[in-house]
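Quick notes on the structure that follows.
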Amino acid sequence: MSTIAANLQAVEATIEAACLAAGRPRSAVQLLAVSKTFPAQAVLEAAASGQRAFGENYLQEGVDKIAAVAKARPELRLEWHFIGPIQSNKTRPIATHFDWVHTVDRLKIAQRLAEQRPPERGILNVCLQVNISGEASKSGVRPDELPALAQAVAALPNLRLRGLMAIPEPQADPALQRAPFARLRALAQELGKAGIAVDTLSMGMSADMGAAVMEGATIVRVGSAIFGARHYE
Ligand SMILES: *Cc1c(COP(=O)(O)O)cnc(C)c1O
């Protein structure tokens, strides 16, 4: 078995165990394989093990990889998620090549994605990135500004507001990992009460996916536990 195949099995076991502990069905959690910095070949290997959803952070690298994978295996129906920071002058390739965007944190970006989504690509799925750890991180909408942003994004054409995404400060102690994920879940519930339905919580990475699943993650974004350590970022 290849390393990637074995790693995928181990990640699967972690997600299954957390689902069992949380009393959630395994089907409630999607594994997003974060292939940033790894070549198209690594994506093809993971796809050979049945993995279908892949996440990329760097736009040019992601667009090149999507093309390379499609050329090598045109019959594969992969789902591509953009999970990196977005510059407002770089929205068109994101709107063109990706199925999901997890990192929308201001209205201007969402408006550009909506305008630039090619009709033949259908709806673009969008998550709002929330700055859940306060001052520690620069990306993400502030929780107090989230309801207004969500309302405005939900009203845009060509996009579907699916939910919330967060990258909490790394926290090695598993007992402390759950609190920020619980906060993100509470924010999503508040949106629901305000009439903005969301079905997605994109949270949890290699080091904290178990804690995220315990708190209701519906997408975990896992890179190094599948592909190995990254040598550059
Ligand atoms: C790199 C990255 C991941 C994956 O991180 P790992 O710790 O390698 O699992 C997940 N989400 C985002 C936004 C990332 O940039």
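Residues: numbered from 1 along the sequence shown. Whatever order the structure lists ligands and atoms in, that order sets their numbers, starting from 1.
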* To do: Give the atoms of ligand 1, by number and element, whose distance to some non-hydrogen atom of Ile167 is under 4.0 Å.
  => 13 (C)
* Step through it carefully: locate the ring centre of Trp80, locate the ring centre of Phe54, and say whether they are under 6.0 Å apart. => yes
* Which atoms of ligand 1 have any heavy atom of Arg221 under 4.0 Å away? -> 4 (C), 9 (O), 10 (C), 11 (N), 12 (C), 13 (C)
* Joint hydrophobic cluster, Val130 plus Ile109, side-chain heavy atoms closer than 4.5 Å -> yes
* Using heavy atoms and a threshold below 4.0 Å, how should the contact between Arg230 and ligand 1 be classified: side chain, backbone, both, or neither? -> side chain
* Within 6.0 Å of CZ in Arg26, more than 12 heavy atoms from elsewhere -> yes
* Asked: More than 12 heavy atoms of other residues, nucleotides or ligands under 6.0 Å from CZ of Arg185: is that the case?
  -> yes
* To do: Considering the heavy atoms of Val222, write down every atom of ligand 1 situated less than 4.0 Å from one of them.
  => 9 (O)
* Structure fact -> Near Asn57 (heavy-atom distance under 4.0 Å), the atoms of ligand 1 are 14 (C), 15 (O)
* To do: Dump the intermediate steps for side chain to side chain contact (heavy atoms under 4.5 Å, CB included) on Gln30 and Leu32, then the final yes or no.
  => CA-CA 6 Å; Gln30 181 184 28; Leu32 179 65; 5.7 Å; no
* To do: Could you list the atoms of ligand 1 found under 4.0 angstrom from a heavy atom of Met165?
  => 13 (C)
* Does a side chain donor of either Thr91 or Gln116 reach within less than 3.5 Å of an acceptor in the other side chain? -> yes
* To do: Could you tell me which atoms of ligand 1, counted from 1 in the order shown, lie closer than 4.0 angstrom to a heavy atom of Ile83?
  => 11 (N), 12 (C), 13 (C), 14 (C)
